[in-house]
Student: 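Let me give you the structure first, and then I'll get to my questions.
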Amino acid sequence: MSYWYQGKFIDSPFLQIAYDDPALIYGASVFTTCRIYEGSIDHPLTMWAAHGQRLASNIQGLGWSDPHWSNILKGVKLMAQNHQVVRITLFSDGRELIWGKSLPVDLGQKQQQGIVAEVVAGFDRTLPQYKTGNYLAPWLARRQATQEAILVNAVGDWLETSTGNLWGWRDQSWYTPPLTAGILPGIIRTYLMQWLRTQGKIVNEGHWDQALVNQLTGIAYSNAVVQFIPIHTVLTTTGQKAYTIDRQEHEYLQQAFS
């Protein structure tokens with residue numbers, strides 16, 4: 001395994017970090033994960049500008065030290081040469097850690113067949129407006145679920161999944177929870193909202209209470225790595241609900257990534 005750390009390429013499966021590093025003991029880091037298209041961060045779908053802006057705004061919002069942006073660019077370009085997915089982590093003192101990985105081997109199957117998600121209560125995301133390294137709550141929720149977890153608030157409204165933003169549709173309209181509900185402002189969420197609206201589609205931002213989730217005919221989730229994955233079954237404490245995988249809508253949405 002190799003990675004980029006503090007302006008250097010390192011070929012090793014180990015990372016040396018101080019035992020009292022805030023990133024280790026408090027999760028004090030921010031990160032973004034981008035999918036590399038055609039091996040280039042300049043490809044429009046890689047959306048590197050949006051990922052870079054996420055990192056910059058997170059650093060500024062938290063009042064942390066600015067990293068060496070030139071080093072980050074070098075590291076991302078290097079990792080992008082041989083990896084389909086690149087994760088960039090920034091520490092509170094300005095250090096950067098960049099590493100790459102492959103796409104999930106079963107991604108195509110999930111995109112076609114959909115997945116099972118489970119509503120998991122009691123796991124609140126820390127500082128949802130930032131993409132911090134403290135991902136304990138979503139991680140625990142994901143481990144408790146069958147394939148993917150749906151996080152909810154105190155009154156049971158659906159917020160997001162453990163790894164992405166929720167989408168739903170019915171009657172030719174699309175639905176996604178609002179940022180004011182306390183969800184992560186996903187890069188693909190923003191991209192899809194803009195793309196759908198340019199196509200003349202209606203996109204509604206509103207709280208996903210039980211009335212709405214029962215009315216939706218289909219749901220899915222999105223993130224920068226998987227793009228868009230439908231959910232065919234949702235498990236709850238009171239039973240389960242089946243949703244239709246609309247092939248026509250799914251194929252239509254795939255055009256946003258072609």
Side-chain angles (χ1 to χ4, degrees), residues 22-23 26-34 47 50-51 53-64 87 89-90 92 115 117-145 147-169 173-194 196-197 202-216 219-226 228-229 231 234-238 241 243:
Y26 301 122
S29 65
V30 296
F31 74 96
T32 193
T33 306
C34 57
M47 302 182 197
H51 286 283
Q53 179 57 39
R54 163 185 277 171
L55 292 172
S57 62
N58 280 195
I59 288 292
Q60 182 180 18
L62 293 168
W64 290 355
R87 169 168 167 156
T89 298
L90 301 184
S92 58
I115 64 165
E118 185 171 348
V119 174
V120 180
F123 295 99
D124 297 327
R125 183 189 291 275
T126 302
L127 300 174
Q129 69 271 37
Y130 303 111
K131 197 169 178 68
T132 71
N134 185 354
Y135 240 58
L136 180 59
W139 183 78
L140 288 172
R142 173 64 183 81
R143 284 172 61 87
Q144 186 172 319
Q147 288 184 293
E148 183 63 71
I150 294 176
L151 308 182
V152 297
N153 62 16
V155 297
D157 294 345
W158 295 10
L159 301 176
E160 57 189 332
T161 76
S162 57
T163 61
N165 292 113
L166 280 169
W167 291 90
W169 58 89
S173 296
W174 292 83
Y175 296 79
T176 189
L179 297 182
T180 54
I183 65 171
L184 181 72
I187 289 173
I188 295 300
R189 175 185 180 275
T190 300
Y191 170 71
L192 285 177
M193 287 178 65
Q194 295 173 346
L196 286 166
R197 285 169 174 163
I202 298 173
V203 180
N204 302 280
E205 292 184 87
H207 292 279
W208 280 34
D209 56 19
Q210 288 304 304
L212 177 62
V213 300
N214 288 333
Q215 293 169 1
L216 296 173
I219 62 171
Y221 78 97
S222 67
N223 66 41
V225 174
V226 305
F228 187 85
I229 292 182
I231 298 172
V234 175
L235 307 178
T236 70
T237 56
T238 59
K241 179 173 175 56
Y243 289 92

Student: Could you tell me whether a side-chain N or O of R87 sits under 3.5 Å from a main-chain N or O of F31, the two making a donor and an acceptor?
Tutor: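 No; judged by distance alone, with no hydrogens or angles, the pair does not exist.
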Student: When the ring centroid of F228 is compared with that of Y221, is the distance short of 6.0 Å?
Tutor: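 No, they do not, as the ring centres are separated by 6.0 Å or more.
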Student: Does CG belonging to L62 count more than 12 external heavy atoms closer than 6.0 Å?
Tutor: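 Atom CG in L62 is crowded, with more than 12 foreign heavy atoms closer than 6.0 Å.
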Student: Walk me through whether N223 and I188 qualify under side chain to side chain contact (heavy atoms under 4.5 Å, CB included).
Tutor: CA-CA 6 Å; N223 66 41; I188 295 300; 5.6 Å; no
Student: Taking the side chain from N204 and the backbone from W174, do they hold a donor-acceptor pair closer than 3.5 Å?
Tutor: yes
Student: Using a 4.5 Å cut-off on heavy atoms from C-beta on, say whether the side chain of T33 contacts that of V225.
Tutor: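 In short, these two side chains touch, coming nearer than 4.5 Å.
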Student: Keeping E148 on the side-chain end and S162 on the backbone end, is there a donor-acceptor pair under 3.5 Å?
Tutor: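 Present.
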Student: What's the spacing between I150 CD1 and R142 CZ if we round to 0.5 Å?
Tutor: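 Output value for this atom pair is 12.5 Å.
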Student: Taking N214 for its side chain and Q210 for its backbone only, find out whether a donor-acceptor pair lies under 3.5 Å.
Tutor: yes
Student: Give me the ring orientation class for Y243 and W158: parallel if the planes are under 30° apart, tilted from 30 to 60°, perpendicular past 60°.
Tutor: perpendicular
Student: Minimum heavy-atom separation for L196 to V203, with atom names?
Tutor: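 Taking L196 first and V203 second, the nearest heavy atoms are CB-CG2, 3.8 Å.
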Student: Does a donor on one side chain sit under 3.5 Å from an acceptor on the other, for T32 and R54?
Tutor: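 Yes, because at least one side-chain N or O of T32 sits under 3.5 Å from a partner of the opposite role on R54.
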Student: Regarding W167 and S222, do their side chains bring together a donor and an acceptor under 3.5 Å, going by distance alone?
Tutor: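 Their side chains do contain a donor-acceptor pair, which is all the 3.5 Å distance test asks for.
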Student: CG/L136 to CG/D124 distance, rounded to the nearest 0.5 angstrom?
Tutor: 12.0 Å
Student: Can you list the steps and then say if E205 with T176 is a side-chain hydrogen bond (donor to acceptor under 3.5 Å, both in side chains)?
Tutor: CA-CA 5 Å; E205 292 184 87; T176 189; over 6 Å; no
Student: Any heavy-atom pair between the side chains of P128 and L184 that's under 4.5 Å?
Tutor: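 L184 vs P128: side chains apart.
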Student: Does I183 reach the side chain of P177, with side-chain heavy atoms less than 4.5 Å apart?
Tutor: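 Of all side-chain heavy-atom pairs linking P177 with I183, at least one is under 4.5 Å.
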Student: Measuring from atom NE2 of H207 to atom CG of L159, what distance do you get when rounded to the nearest 0.5 angstrom?
Tutor: 9.0 Å
Student: Is there a side-chain contact between E118 and Q147 (heavy atoms, below 4.5 Å)?
Tutor: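 No - every pair of side-chain heavy atoms lies 4.5 Å or more apart.
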Student: Just wondering, do T237 and V119 contact through their side chains at under 4.5 Å, heavy atoms?
Tutor: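 Side-chain contact under 4.5 Å: no.
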Student: What heavy-atom pair brings L179 and P185 nearest, and what distance separates the two atoms?
Tutor: CD2-CA, 3.6 Å
Student: Using a 4.5 Å cut-off on heavy atoms from C-beta on, say whether the side chain of T161 contacts that of L151.
Tutor: no
Student: Atom CD of Q53 and atom CD of Q60: how far apart are they, to the nearest 0.5 Å?
Tutor: 8.5 Å
Student: Distance from K131 atom NZ to S29 atom OG, nearest 0.5 Å?
Tutor: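 Taking NZ in K131 and OG in S29, the distance rounds to 11.0 Å.
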Student: Backbone N or O of W169 within a donor-acceptor pair of the S173 side chain at under 3.5 Å?
Tutor: no
Student: Evaluate the side chain to side chain contact (heavy atoms under 4.5 Å, CB included) criterion for residues V30 and W64: first the C-alpha distance (whole Å), next the side-chain angles of each, then the deciding distance (0.1 Å), finally the verdict.
Tutor: CA-CA 10 Å; V30 296; W64 290 355; 3.8 Å; yes
Student: Measure across A141 and A149 and return the closest heavy-atom pair with its distance rounded to 0.1 Å.
Tutor: O-CB, 3.4 Å
Student: Strictly below 4.0 Å, N to O, side chains only: are R125 and E160 in salt-bridge contact?
Tutor: yes
Student: Can you check side chain to side chain contact (heavy atoms under 4.5 Å, CB included) on W208 and L166, steps first, answer last?
Tutor: CA-CA 10 Å; W208 280 34; L166 280 169; 3.9 Å; yes
Student: Assess whether side chain to side chain contact (heavy atoms under 4.5 Å, CB included) is satisfied between I187 and R189, documenting all intermediate values.
Tutor: CA-CA 5 Å; I187 289 173; R189 175 185 180 275; over 6 Å; no
Student: Looking at OG1 of T190 and CE of M47, how far apart are the two atoms once the value is rounded to the nearest 0.5 Å?
Tutor: 9.5 Å
